[in-house]
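Starting off with a structure, shown below.
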Amino acid sequence: MKVAFKIWRYDSVSGERALREYEIDAPEEATLLDCLDIVKDKHDGSLAYRKSCRMMICGSCGMRMDGAAVLACKTRMYDIANEGRVPTISAMGNLPIVKDLVVDMDPFWAKFMAMKPWLQPGYDQPDDGREYRITQERMNVVHKEALCINCGCCVSECNAMESDPEFLGPQALAKGMRFVGDPRDGAKVERLEQYSQEHGIWDCTRCYFCNERCPKGVDPRDAIAKLGAEAIAHGIDRDMGAKHAKWFVRSAETTGWLREEELIPKTQGYVAAIKQLKFGISLAKHGKVRPIPFPHTAKDVGEARNLHKLVREQDRGGAMGHVQGEKALERLGHGHAIGGDLEEIYARPNAAPRPWLPEVEEKA
Amino acid sequence: MIAKHDVLVVGAGCAGMRAAIEAFDAGTDVAMISKIHPTRSHSGAAEGGINAALGNAADDSPEIHAYDTVKGSDYIGDQDAIELFAQEAPGDIYQLEHWGAVFSRRDDGKLAQRPFGAAGSPRTVFAADITGHVLIQVLWEQVCKRDIPVYDEFFAWQLVENDGRCQAVVCWDLLHGGLKTVGGKTVVLATGGAGRQYRVTTNAYACTGDGTAMALHLGLPLKDMEFMQFHPTTLYPTGILLTEGCRGEGAYLINKDGERFMKRYAPNALELASRDVVSRSEQTEIDQGRGIEGSVMLDMRHLGAERILDRLPGSRELSMVYAGIDPIYDPVPVRPGAHYHMGGVETDNDGATEMTGLYAAGECACVSIHGANRLGGNSLMETITFGRRAGRAAAEWALANTTVDVPESAERDAEAKLKELLDRTAGERPWKLREELGTSMLENFAVFRREEQMAKQIEIIEDLRERYPNVYVEDKGEVFNSDLTQAIELGNMLDTALCMLTAGLARKESRGAHARPHDYPTRDDENFLHHSITRWKDGGVELTKSDVRFTKWQPEERKY
């Protein structure tokens, strides 16, 4: 098939930038990475990009296609070529460009290192020298975070990092969650304290671009939410963001309703709230807030309260609750359960034949 | 020379990082050199698991593990190394777990273990189907904890010998350009495999046998180079790996009629026979017209969605992205693809090579615990156990010896050679030779081998080697010049391929991965129960042999 695309070339020595167009012949199964290989081999040997495994596990080939981060090896070109689209390929965002599609990963790894990304053994080391005994359910808390391949796609797309380059960012925080959620780690509280500081958990703007762009389903924003939940569960809630989140939960549990009028005093404190009084009155005039002494209570608030009770009884507070929800969602595809009756699967149109075992004579 | 270290590890996959960690813990100043960032290493693509006789899932012992490995090796694995390996494996697994490896668990909280090919007991510890990834991450975490320096994106090009010792590595600095020499009292090679010699391979682009070639060029012996393992389940048409864990979890192999053909080839072990056996069976089915478009099918439908999602989510994703097939509903087309090189730089049980100060571990080394055929799950374990042993031995030697002395001529010669390559502006582009090598290796030196095809392949390689001095690099820049490194990699692949063919042609028998059904269909212990040793001599390959070390198992007929 014919594939056409443009590449933002960049030469760090001369500082020259140029958008070049390429049209190549590629096999139908070709990925973007295969296409770049064809360009490098047959058209321009100076094109620079990273690659290695070509199977979505090494994390080398993060780059942007039409402004959105992708793994080149995961991006099939068939549909794009068929539709006659001519995508633009460029280096990842939020990291300095070295040459063409190669970025400097040093700032990325510096933030990774800042998380103290290694297990700090906890208190219950097995005394028989064998493995820690932990249920799979407990380990599932870090299941998604452990999938991270450090490709940088989430960092490339991070809006918070664009405005605050010191923001730890989705990848580093997801790595942090990988240890906070690990029952073997003994430094959970210290970590949560550290990650809750400025440029940490609560500086995420919740744009969800990281979740959207992660090629491995790590869902870094969810990891940050889990860190937040764990921090609050451990009483590390000095940050305004933590107080804000806490009030949402508290408010929902007590009245089944978000009491916005109390949000500012609970989040920013009463002094700040008094300073905002004028704003509050303006809101009240427009019917946006209810008078404080008479909070509206939802009719079926009992259900919300029971839910909270259940979470507490089953010890599924903090990150555990998030994980349970994720596990449930994983089994649903677009609202339909995946899989189904085996006989029905075998009977599908054009299905491959049903497997059978041949009879083989036993040799003496 | 830009720096000196006690121990210099070349390659930063599982074996390299494990060696570096051990050398650090032994109290040495250790550094790693790697052409790609450590977490990009191809160890991370290992899927199915890592073998150690923990006995969590069923009765097991290091003795049974050792026996399975000896039998799997078709009796040319060195038995003292294998026994030591099986004995030390469980301790290494517990250590990885204590470091934080996120392995899959049993209901009782212990590590889960799954059945794997040719294993007498469910012995394979795993993390769903991303075991290698989990190991790479945990080792990288431990490297970070120790703050071990990494010469990241340094392409190791030449080993420097001085006073009969290996004392430095000349590298091309990919990110900034320029040749940089890094000195080491000891050097540990851990550069992985060379599957890129084949057009259809599970291996990453980085797997070009650089360390093996550097050792070869230094005159060191390479052992058992003819044994290249073909993995039975690589995705059609890309050759991307689908783990043996699929079959470990119960997947079937079927031909176009739906027949589970393995019953005819390995009536007891079926799909879980040894890899060489399964690959040959598949190739026979395909050759005899019972395949579909050059492949057979891996059928997971009966496993059910839940098991697939829990235990094989990565394989499902690979099938969906690269074949457009969801294995929950349809079988996946697979065929044998080049996967693992049993051969490599000859070492003793501590990773020491023939040259003082030079060690090797992992796929680039040949201890040999795999002999003629490696069992699935044994290579990840080998990287850890022998990576650790090599790191320890290299550190001990470095602590007892003090100097690093690199003659200026080493760097000067390298500069001259580099200039010659970069100054060339016409000739052939490396990709042409690379494609010819990949296609011809697959045709002439794959699952089944014939005398005349091997002889022809030697001619092809000789021709490519003659043309190689005329390849030219288009990129003349200093910054991230991967055009240059790919040209060097091609030279490495050509030289090691010649060793493979030379050893293969001389082995007139069928053993493990070296199958010659047309001219020498059986194993010949009388004449070939030995290792093949190849080394570079006078611009060609010299072939000799060495004895297999036996302890308690005598060769028997191998049935599954």
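Each chain gets a letter, A, B and so on, in the order the sequences are listed, and its residues count up from 1.
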Fill in: Interchain contact, A/D34 with chain B, by part (heavy-atom threshold 4.5 Å)
side chain
Worksheet item: For B/H42, is it the side chain, the backbone, both or neither that has a heavy atom under 4.5 Å from a heavy atom of chain A?
Response: side chain
Fill in: Cationic N near anionic O, under 4.0 Å, A/R130 to B/E97
no
Discussion item. Between B/G91, B/A101, B/P331, who has the most heavy-atom pairs with chain A when the cutoff is under 4.5 Å?
Written reply: B/A101
Practice prompt. Of all the heavy-atom pairs spanning B/D257 and A/W356, show the shortest one and how long it is.
Written response: O-NE1, 2.9 Å
Discussion item. Among A/M113, A/E29, A/R354, A/M56, which residue has the highest count of heavy-atom pairs closer than 4.5 Å to chain B?
Written reply: A/M56
Worksheet item: Considering only heavy atoms, which portion of B/P430 lies under 4.5 Å from any heavy atom of chain A: side chain, backbone, both, or neither?
Response: neither
Worksheet item: Taking all atoms of both residues into account, what is the closest heavy-atom pair of A/P353 and B/R301, and its distance?
Response: O-NH2, 2.8 Å
Worksheet item: Are A/D11 and B/V479 close enough, and set up right, to give a side-chain contact (heavy atoms from CB on, under 4.5 Å), and what steps lead you there?
Response: CA-CA 9 Å; A/D11 180 343; B/V479 180; over 6 Å; no
Practice prompt. State, to 0.1 Å, how close B/A204 and A/C53 come at their nearest heavy-atom pair, and which atoms those are.
Written response: CB-CA, 3.5 Å
Worksheet item: Which bit of A/N140 comes within less than 4.5 Å of chain B, counting heavy atoms only: side chain, backbone, both or neither?
Response: neither
Practice prompt. Counting only heavy atoms closer than 4.5 Å, note whether A/K42 contacts chain B via side chain, backbone, both or neither.
Written response: both
Discussion item. Taking A/K40 first and then B/E474, would you say they form a salt bridge - that is, a charged N and a carboxylate O separated by under 4.0 Å?
Written reply: no
Item to complete: Apply the test side-chain contact (heavy atoms from CB on, under 4.5 Å) to residues A/M105 and B/H37: give CA-CA distance (whole Å), side-chain angles for both, the deciding distance (0.1 Å), then the verdict.
Response: CA-CA 10 Å; A/M105 292 292 280; B/H37 184 274; over 6 Å; no
Worksheet item: Minimum heavy-atom separation for B/Q486 to A/D41, with atom names?
Response: OE1-OD1, 4.5 Å
Worksheet item: Non-hydrogen atoms of chain A under 4.5 Å away: do they reach the side chain of B/L111, the backbone, both or neither?
Response: both
Worksheet item: Would you say the side-chain atoms of B/R40 pair up with the backbone N or O of A/C58, donor to acceptor, closer than 3.5 Å?
Response: yes
Worksheet item: Do any N or O atoms from the side chain of A/R76 and from the backbone of B/V321 form a donor-acceptor pair under 3.5 angstrom?
Response: yes
Discussion item. Does this structure show an ion pair linking A/K175 with B/E141, if we count only N-O contacts that are shorter than 4.0 Å?
Written reply: yes
Worksheet, complete the sentence: For B/V102 and A/R178 the tightest heavy-atom approach is CG2-NH2, 3.2 Å
Worksheet entry | Portion of B/R429 that has a non-hydrogen atom of chain A nearer than 4.5 angstrom | side chain
Worksheet item: What part of B/M297 lies closer than 4.5 angstrom to a heavy atom of chain A: side chain, backbone, both or neither?
Response: side chain
Worksheet item: side-chain contact (heavy atoms from CB on, under 4.5 Å) between A/R54 and B/I240: does it pass, once the steps are laid out?
Response: CA-CA 8 Å; A/R54 59 79 167 94; B/I240 283 169; 3.8 Å; yes
Worksheet item: In terms of heavy-atom pairs under 4.5 Å with chain A, which of B/G109, B/G314, B/A206 leads?
Response: B/G109
Worksheet item: Can you say whether A/S52 sits under 4.5 Å from chain B via the side chain, the backbone, both, or neither, judging by heavy atoms?
Response: both
Response to the item:
Whatever's closer than 4.5 Å to a heavy atom in chain B on A/I38 counts as neither
Worksheet item: Which bit of A/T75 is near chain B, if near means a heavy-atom gap under 4.5 Å: side chain, backbone, both or neither?
Response: neither
Worksheet item: Side chain, backbone, both or neither: which part of B/R196 has an atom under 4.5 Å from a heavy atom of chain A?
Response: side chain
Practice prompt. Nearest 0.5 Å please: distance from the CG atom of A/L342 over to the NE2 atom of B/H302.
Written response: 8.5 Å
Practice prompt. Look at the side chain of B/H133 and the backbone N and O of A/A146, then say whether any donor-acceptor pair between them is shorter than 3.5 Å.
Written response: yes
Discussion item. A/S60 vs B/Y205, test: side-chain contact (heavy atoms from CB on, under 4.5 Å). Steps then yes/no.
Written reply: CA-CA 11 Å; A/S60 298; B/Y205 288 108; over 6 Å; no
Worksheet item: What part of B/Q95 is in contact with chain A, defined as an atom under 4.5 angstrom from a non-hydrogen atom: side chain, backbone, both or neither?
Response: neither
Worksheet item: Is it true that A/W109 and B/W140 have ring centroids separated by less than 6.0 Å?
Response: yes
Discussion item. To the closest 0.5 Å, what do you measure between CD1 (A/I338) and CG (B/D326)?
Written reply: 7.0 Å
Item to complete: Answer with side chain, backbone, both or neither: which region of A/P126 has an atom nearer than 4.5 Å to a non-hydrogen atom of chain B?
Response: side chain
Item to complete: Check the side chains of B/D310 and A/Q136 for a donor-acceptor pair under 3.5 angstrom, ignoring hydrogens and angles.
Response: no
Item to complete: Identify whether the distance between the nearest side-chain nitrogen and carboxylate oxygen of A/K99 and B/D475 falls below 4.0 Å.
Response: yes
Worksheet item: Given a strict heavy-atom distance threshold of 4.5 Å, which part of B/Y252 is in contact with chain A: side chain, backbone, both, or neither?
Response: side chain
Discussion item. Report which part of B/N56 has an atom under 4.5 Å of a heavy atom belonging to chain A: side chain, backbone, both, or neither.
Written reply: side chain
Worksheet entry | chain A contact via B/L54 - which portion, at a heavy-atom distance below 4.5 Å | both
Discussion item. Please identify, among B/T202, B/D152, B/L174, the residue contributing the most non-hydrogen atom pairs under 4.5 Å to chain A.
Written reply: B/T202
Item to complete: Sort A/Y49 into side chain, backbone, both or neither according to what part of it lies under 4.5 angstrom from a heavy atom of chain B.
Response: backbone
Worksheet item: Is it the side chain or the backbone of B/I36 that comes within 4.5 Å of chain A heavy atoms, both, or neither?
Response: side chain
Worksheet entry | Side-chain donor-acceptor pair present, B/Q137, A/N150, cut-off under 3.5 Å | yes
Worksheet item: Among A/L47, A/D100, A/L101, A/V102, which residue meets the side-chain contact (heavy atoms from CB on, under 4.5 Å) test with B/F480?
Response: A/V102
Practice prompt. Please check if the side chain of B/R106 supplies one atom and the backbone of A/T135 the other of a donor-acceptor pair under 3.5 Å.
Written response: no
Item to complete: Would you mind checking which part of B/L318 comes under 4.5 Å of any heavy atom in chain A, side chain (CB onward), backbone (N, CA, C, O), both or neither?
Response: both
Worksheet entry | salt_bridge(A/R348, B/D330) N-O dist < 4.0 Å | yes
Worksheet item: Any salt bridge between B/E317 and A/K74, counting N to O under 4.0 Å?
Response: yes
Discussion item. At a heavy-atom distance under 4.5 Å, which candidate from A/P117, A/C151, A/G217 has the highest pair count against chain B?
Written reply: A/P117
Worksheet item: Is chain A contacted by the side chain of B/D108, its backbone, both, or neither, given a heavy-atom distance below 4.5 Å?
Response: backbone
Discussion item. Among B/G100, B/A305, B/G44, which residue has the highest count of heavy-atom pairs closer than 4.5 Å to chain A?
Written reply: B/G100
Item to complete: Heavy-atom distances under 4.5 Å only: say whether B/A323 touches chain A with side chain, backbone, both or neither.
Response: backbone
Discussion item. Working note: A/R50 + B/E153, criterion salt bridge (charged side-chain N to carboxylate O under 4.0 Å, His left out); need CA distance, chi angles, decisive distance, verdict.
Written reply: CA-CA 10 Å; A/R50 289 192 177 97; B/E153 299 190 321; 2.6 Å; yes
Worksheet item: Quick one: what part of A/V13 sits under 4.5 Å from any heavy atom of chain B, side chain, backbone, both or neither?
Response: side chain
Item to complete: Would you tell me whether A/K51 and B/S482 have side-chain atoms, one donor and one acceptor, within less than 3.5 Å of each other?
Response: no
Response to the item:
Pair count under 4.5 Å, heavy atoms only, with chain A: among B/K476, B/K145, B/K432, highest is B/K145
